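So you know, we letter chains A, B, ... as the sequences are listed, proteins then strands, and number each from 1. Keep in mind the model is a prediction, meaning the values are calculated, not measured. Values below: all heavy atoms of this structure, side chains included; hydrogens, waters and symmetry mates excluded.
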Amino acid sequence: MLHGRDAAVRLTEVEAYRGFADPGSHAYRGKTRRNATMFGPPGHLYVYFTYGMHVCANIVCGPEGEPGGVLLRAGEIVEGREAARARRVTSRSDADLARGPGRLGVALGIQLSDDGSRLGELYRLELAPHPVPRFEQGPRTGVSGPGGSDEYPWRFWIPGDPTVSPYKRNTPKRRTP
DNA sequence: CGAAGGATTTTCT
DNA sequence: GAAAATCCTTCGT
């Protein structure tokens with residue numbers, strides 16, 4: 001469970017991104033201003049801006065100097081539903097409040113300026129009393145190239161949970177012709 | 001329910 | 001210039 005700004009989610013879906021050898025990772029081609037947090041010590045929040053409009057959050061994992069993180073893809077809002085709903089005006093159902101990385105970011109009030117924030121301060125992570133009984137594993141969502149193939153099945157989710165985002169395979173995008 | 005297009009910024013070629 | 005760890009609206013089945 002992750003506590004954010006006046007709201008908390010039970011995480012139901014995550015993806016792993018690991019180091020230099022992972023072609024799907026932002027850190028694959030080295031350190032940039034955006035992904036610098038991933039190279040730091042674990043237990044911090046890596047927040048990035050993508051697609052011109054969305055914020056996504058990772059929890060940095062692995063030792064300092066080795067980039068790695070877990071992308072928070074989706075979850076169920078279990079506390080502060082009103083605050084989350086106020087921020088997610090377009091959401092029609094409770095399950096939609098944090099169903100997707102960008103939505104989860106908005107629901108918890110995560111901002112770009114929260115990048116690098118240490119867990120335990122602004123945000124607090126509570127591990128479940130016992131491991132989830134069952135989860136499934138498969139290729140990552142929205143990742144193009146080799147990183148999205150079956151060779152890197154690093155997306156994990158709780159099967160049957162309504163807050164898990166629907167799997168979309170990489171949709172190549174074309175610009176206005 | 002699925003497919004398709006637009007919005008919009010950081011980063012790399 | 002093009003693609004990207006996405007979301008929302010609209011149209012078709």
Side-chain angles (χ1 to χ4, degrees), chain A residues 2 4 9 11-40 42 44-62 66-77 84-116 123 135-157 160-177:
Chain A
L2 178 72
V9 285
L11 297 171
T12 58
E13 181 187 2
V14 295
E15 278 177 8
Y17 290 87
R18 200 168 197 288
F20 303 103
D22 178 1
S25 170
H26 284 165
Y28 180 52
R29 288 182 178 80
K31 190 171 178 177
T32 67
R33 196 206 263 74
R34 178 172 67 166
N35 65 22
T37 303
M38 269 214 294
F39 290 76
H44 288 240
L45 222 55
Y46 165 45
V47 182
Y48 70 95
F49 195 70
T50 190
Y51 285 99
M53 17 175 27
H54 297 293
V55 237
C56 301
N58 296 245
I59 291 172
V60 177
C61 299
E66 267 184 47
V70 171
L71 169 67
L72 311 176
R73 283 201 58 85
E76 175 196 4
I77 300 292
R85 187 172 276 284
R87 286 186 287 248
R88 293 238 43 232
V89 185
T90 58
S91 172
R92 299 293 291 159
S93 71
D94 286 349
D96 270 351
L97 286 173
R99 192 163 85 139
R103 295 167 170 181
L104 188 145
V106 173
L108 287 188
I110 296 175
Q111 303 167 188
L112 201 51
S113 56
D114 295 335
D115 182 46
Y123 299 90
F135 62 88
E136 286 191 25
Q137 174 175 3
R140 292 177 294 196
T141 298
V143 181
S144 66
S149 75
D150 295 339
E151 297 180 46
Y152 300 87
W154 293 345
R155 171 177 177 251
F156 304 91
W157 70 96
D161 196 294
T163 62
V164 171
S165 65
Y167 175 70
K168 285 183 199 192
R169 55 185 210 273
N170 176 38
T171 57
K173 188 174 148 180
R174 22 183 225 257
R175 270 241 173 133
T176 61

_Short side-chain N/O contact from A:His26 to OP1 or OP2 of C:dA5, under 4.0 Å_ = yes

*Examine B:dC12: is either OP1 or OP2 under 4.0 Å from a nitrogen or oxygen in the side chain of A:Arg34? Give yes or no.*
no

*May I ask you to evaluate whether A:Arg99 reaches the phosphate of C:dC7, defined as a side-chain N or O under 4.0 Å from OP1 or OP2?*
no

*Would you say C:dC8 has OP1 or OP2 under 4.0 Å from some side-chain N or O of A:Thr90?*
yes

_Dot-bracket encoding of pairs in DNA chain C, which uses [ ] for pseudoknotted crossings and | for another strand, Watson-Crick or G-U under 3.5 angstrom_ = ||||.|||||||.

*By ring-ring contact (aromatic ring centres under 6.0 Å, His included) - contacts of A:Phe49 (at least two apart)*: none

*Nearest-Å distance, NE2 (A:His54) to P (C:dA3)?*
19 Å

*Out of C:dA5, B:dC12, C:dC8, which has the shortest distance to the side chain of A:Thr32?*
B:dC12

_Tell me the interatomic distance from A:Tyr51, atom OH, to B:dA7, atom P, rounded to whole angstroms._
16 Å

*Regarding A:Thr12 and A:Glu76, is there a side-chain donor-to-acceptor distance under 3.5 Å anywhere?*
no

*A:Arg87 has an atom CZ; how far is it from atom P of C:dC7, in whole Å?*
16 Å

_Heavy-atom side-chain contact between A:Ser165 and A:Trp157 under 4.5 Å_ = no

*Would you call A:Asp94 and A:Arg85 a salt bridge, using N to O less than 4.0 angstrom?*
yes

*Quickly work out the A:Met53 CE to C:dA3 P distance and round it to whole Å.*
19 Å

*Kindly say whether A:Val60 contributes a backbone atom to a donor-acceptor pair with the side chain of A:Asn58 at under 3.5 angstrom?*
no

*Length of the CZ-P vector between A:Arg29 and C:dA3, whole Å*: 13 Å

*For C:dC8, take OP1 and OP2 only and decide whether either is under 4.0 Å from a side-chain N or O of A:Arg88.*
yes

*From A:Arg18 CZ over to A:Trp154 CH2, what is the distance, rounded to the nearest 0.5 angstrom?*
7.0 Å

*Nearest-nucleotide pick for A:Phe49, side chain only, options being B:dT9, C:dC8, B:dA7*: B:dT9

*Distance, rounded to the nearest Å, where A:Arg140 contributes CZ and C:dT6 contributes P*: 11 Å

*Please work out if A:Gly100 contacts a base, only the sugar-phosphate, or nothing of the nucleic acid, heavy-atom cut-off 4.0 Å.*
sugar-phosphate

_Closest non-hydrogen atom pair between A:Gly109 and A:Asp114, with its separation_ = O-OD2, 4.0 Å

_Between C1' on B:dC12 and CG on A:Asn35, what's the gap in Å once rounded to a whole number?_
12 Å

*Has A:Tyr48 got its ring stacked on C:dA5, by the test of a centre gap below 5.5 Å and a plane angle below 30°?*
no

_Flag if over 12 foreign heavy atoms under 6.0 Å of CZ, A:Phe20_ = yes

*Calculate the interatomic distance between A:Leu104 atom CG and C:dT6 atom P; express it in whole Å.*
13 Å

_Quick check for you: among C:dC7, B:dT13, B:dT11, whose closest atom lies nearest to any side-chain atom of A:Arg33?_
B:dT11

